[in-house]
Number of protein chains: 4
Amino acid sequence: MIIQLDLQSDVPIYTQLVNQIIEGIASGRLQLGEPLPSVRSLASDIGVNLHTVNKAYTILKQEGYIQVHRQKGVVVDPVAMPPITPEFREKQRRELRPIVAEAICRGMEKEELLRIVEEIHQEISRKE
Amino acid sequence: MIIQLDLQSDVPIYTQLVNQIIEGIASGRLQLGEPLPSVRSLASDIGVNLHTVNKAYTILKQEGYIQVHRQKGVVVDPVAMPPITPEFREKQRRELRPIVAEAICRGMEKEELLRIVEEIHQEISRKE
Amino acid sequence: MIIQLDLQSDVPIYTQLVNQIIEGIASGRLQLGEPLPSVRSLASDIGVNLHTVNKAYTILKQEGYIQVHRQKGVVVDPVAMPPITPEFREKQRRELRPIVAEAICRGMEKEELLRIVEEIHQEISRKE
Amino acid sequence: MIIQLDLQSDVPIYTQLVNQIIEGIASGRLQLGEPLPSVRSLASDIGVNLHTVNKAYTILKQEGYIQVHRQKGVVVDPVAMPPITPEFREKQRRELRPIVAEAICRGMEKEELLRIVEEIHQEISRKE
DNA sequence: GTGGTCTAGACCACA
DNA sequence: GTGGTCTAGACCACG
C-alpha cells in the first residue's frame, strides 16, 4: 500500500498516517486480518521517525481498527471494524458541521455538496 | 450571537471561534455588513485571551469573511462572501475524505451519510 | 502530592505514575477539578523525561480521570470520575483473577485475602 | 488441562501461561505431583514458541510451584506449594493496591469489591 | 510558559 | 526482529 504524506501540511504526520490507513481499509486495499508493515520498516519506507508511526498505530489500535498480535505483528482487525457508536456519530457531526457551514457561506448548493460527498464516497470505494 | 466554546476540545479556541462565526453567517444570524464585537469586548465576553480573538478575526479577514476598519470596527463583509475557488474545493475534499473513509469502514451506508450531511445543512440553515 | 517511583521495578514508570495519581484521587488528596503540575515541572520534579509524564497524562485523559484544559492546564476531571462500565468490570476481574489464584495456591484463607483487600481499601481511603 | 491464550493481550504469553497453570493448581485440576506436558509438546499444542513455554516453566520452578526432573519431566511440586512469605505479601499488596484505588475512584463500594473478590475465589475453587 | 509534535538513538522484553 | 519504553533535545501552536 502506498502512503502519501504532506510534510508541509499542518495536519500531523501521525494523523495523515491514521487517515490513509483507514482509507486503505475503506477501499478494500487493506483486507481484514491483513498484516501491516512493522513500525520500523514503515518508518524507514516513508522516511519518518519510528515513534511517529508508532503513535499512528497506537491510535488505530485504540479505536479498534488494528490489532497488535504477539506473533503475527500488526494486522488489520480480522473480525470487524469498530461499530457506529453514539460517540462516533457525535464526532462525525462535529467534524462535518464547519465544513457544511463554510459551503453554505460560499453559496454552494446543498445538492452540489451532497454530490461531492457522493463522489468522494465512490472514489474511495472503487479503489480495489 | 452566542458563542459556545469547549475549552477541553483538541480544536484550538481560535478555530472554534472562526467556525462559529462562519456558522453564524451561514445561518443568517449574522447578516452581510453586520458589525461584530471588538476584539477586546468579545475576548472579555467569552473569557479568552485577546490574542485568541485577534487570531480568529485575522483568519476570517484573510479568507474574506469579514472586514476590519480602523474606525467602523469589525463587520461581516458587506458585499459578498468568498467565492468557491478551486483551492476551496480542494481543501473541502481534503477535509471530507477522512470522514467519508471512516464512515465506510464502520459500515455506514452512503445514504445514511448523505442524510446526515443534509440534516446538518438544514440545522444550520433554519437557525435564525 | 508526593510521587514515589521505583525505577528498578518492571512496572513502567508511566504506569506507576498513572497508578499513583489514581490513588491520589481515590484518597482525596487530589480533589475533583484540582490542577496537576505541568508535564515539564512534574518531569523535572521526579527526575524523569517529559515524554514519560506526558504518556501518563495521556492515558489518564483517555480513561477520563483528568482533562487538559486549554487555559488552566491539566486538572483532575472537575465533574466526575469515569463510571463503572462493563469493560472496567472485565478488566478488574482479569487483573484480580491471578492474584486470587496465587493466594489460594499458597494456602491463604479466603477470609484473610478479603481482610487484606479491606485493609488496603482503608489505607487508601483514610489518607486525606 | 485447557490453556486459553489471548495473543492480542498486552499480558505476555509466558505470563498468561504461568497464571493459568497456577489457577489450574488452585482449582484442583492440577494435583500435587501431577505431571505437566513437556516444553516441546505444550508448545506445539498451544502453538507458541518453545522459549515461551520454557520461560513460563522456569518462573514456576523458581517460585516453587513445579519441579523439573531430567527424567520424570515436569511435575507439579509433589510435596507442597510455596508458603506465604513476607515477600509474597508485599507483592500481593503492591498488585492489589492500584486495583483497589481504581475501584474507589469509580465509586465502587467496598462491599461490592469484596463480593467480586469472593466470587472470583469461588469460581476458581469450585472448578474441577 | 503550556502542551503537541517530531526526531534520534538506546535498551529491553518478547517470541 | 518485533514492539515497548525511556531519554534528550528541538520546534511549533496556543493562549
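Residue numbers start from 1 in every chain, and the chains themselves are labelled A, B, ... in the order their sequence lines are given, proteins ahead of strands.
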Within the structure shown, what part of the strands sits under 4.0 Å from [X] by heavy-atom distance: base, sugar-phosphate, or nothing?
X     : value
C:L50 : nothing
A:N49 : base
C:V74 : sugar-phosphate
C:Y57 : nothing
A:N54 : base

ask   = Counting only non-hydrogen atoms, which of residues 61-72 of chain C are less than 4.0 Å from DNA chain F?
value = C:R70, C:Q71
task = Using the closest heavy atom to pick a nucleotide of DNA chain E for each, name whichever of A:I13 or C:S38 lands nearer the 5' end.
result = C:S38
inquiry  = For C:S41 and D:P12, find the nucleotide of DNA chain E closest to each by heavy atoms; which residue's nucleotide sits nearer the 5' end?
reply    = C:S41
query = Are the side chains of A:V48 and A:L42 in touch, meaning some heavy atoms are under 4.5 Å apart?
reply = no
note = Symbol by symbol from the 5' end, with Watson-Crick or G-U pairs under 3.5 Å, [ ] crossing and | another strand, DNA chain F is ||||||||||||||.
task = Quick one: do A:V18 and A:K55 satisfy side chain to side chain contact (heavy atoms under 4.5 Å, CB included)? Show the steps, please.
result = CA-CA 9 Å; A:V18 167; A:K55 181 157 189 179; over 6 Å; no
query = Is there a side chain to side chain contact (heavy atoms under 4.5 Å, CB included) between C:E23 and D:R97 once you walk through the steps?
reply = CA-CA 8 Å; C:E23 188 174 326; D:R97 205 169 178 87; 2.9 Å; yes
ask   = Between A:R40 (CZ) and E:dC12 (P), how many Å, whole number?
value = 14 Å
task = Could you check how far CD of C:Q8 sits from P of E:dA13, rounded to whole Å?
result = 12 Å
request  = With side chain to side chain contact (heavy atoms under 4.5 Å, CB included) as the test, would you mind laying out the steps for A:R94 and A:E90 before giving the verdict?
outcome  = CA-CA 6 Å; A:R94 207 165 44 233; A:E90 243 181 83; 4.0 Å; yes
query = Does the side chain of A:R40 come under 3.5 Å of the side chain of A:S38 through a donor N or O and an acceptor N or O?
reply = no
task = Check every nucleotide of DNA chain F for an atom under 4.0 Å from a heavy-atom of chain B, then give the first and the last such nucleotide from 5' to 3'.
result = F:dC14 to F:dG15
task = Evaluate the criterion side chain to side chain contact (heavy atoms under 4.5 Å, CB included) for residue pair C:I22 and C:L60; output intermediate values, then yes/no.
result = CA-CA 8 Å; C:I22 289 178; C:L60 287 165; 3.8 Å; yes
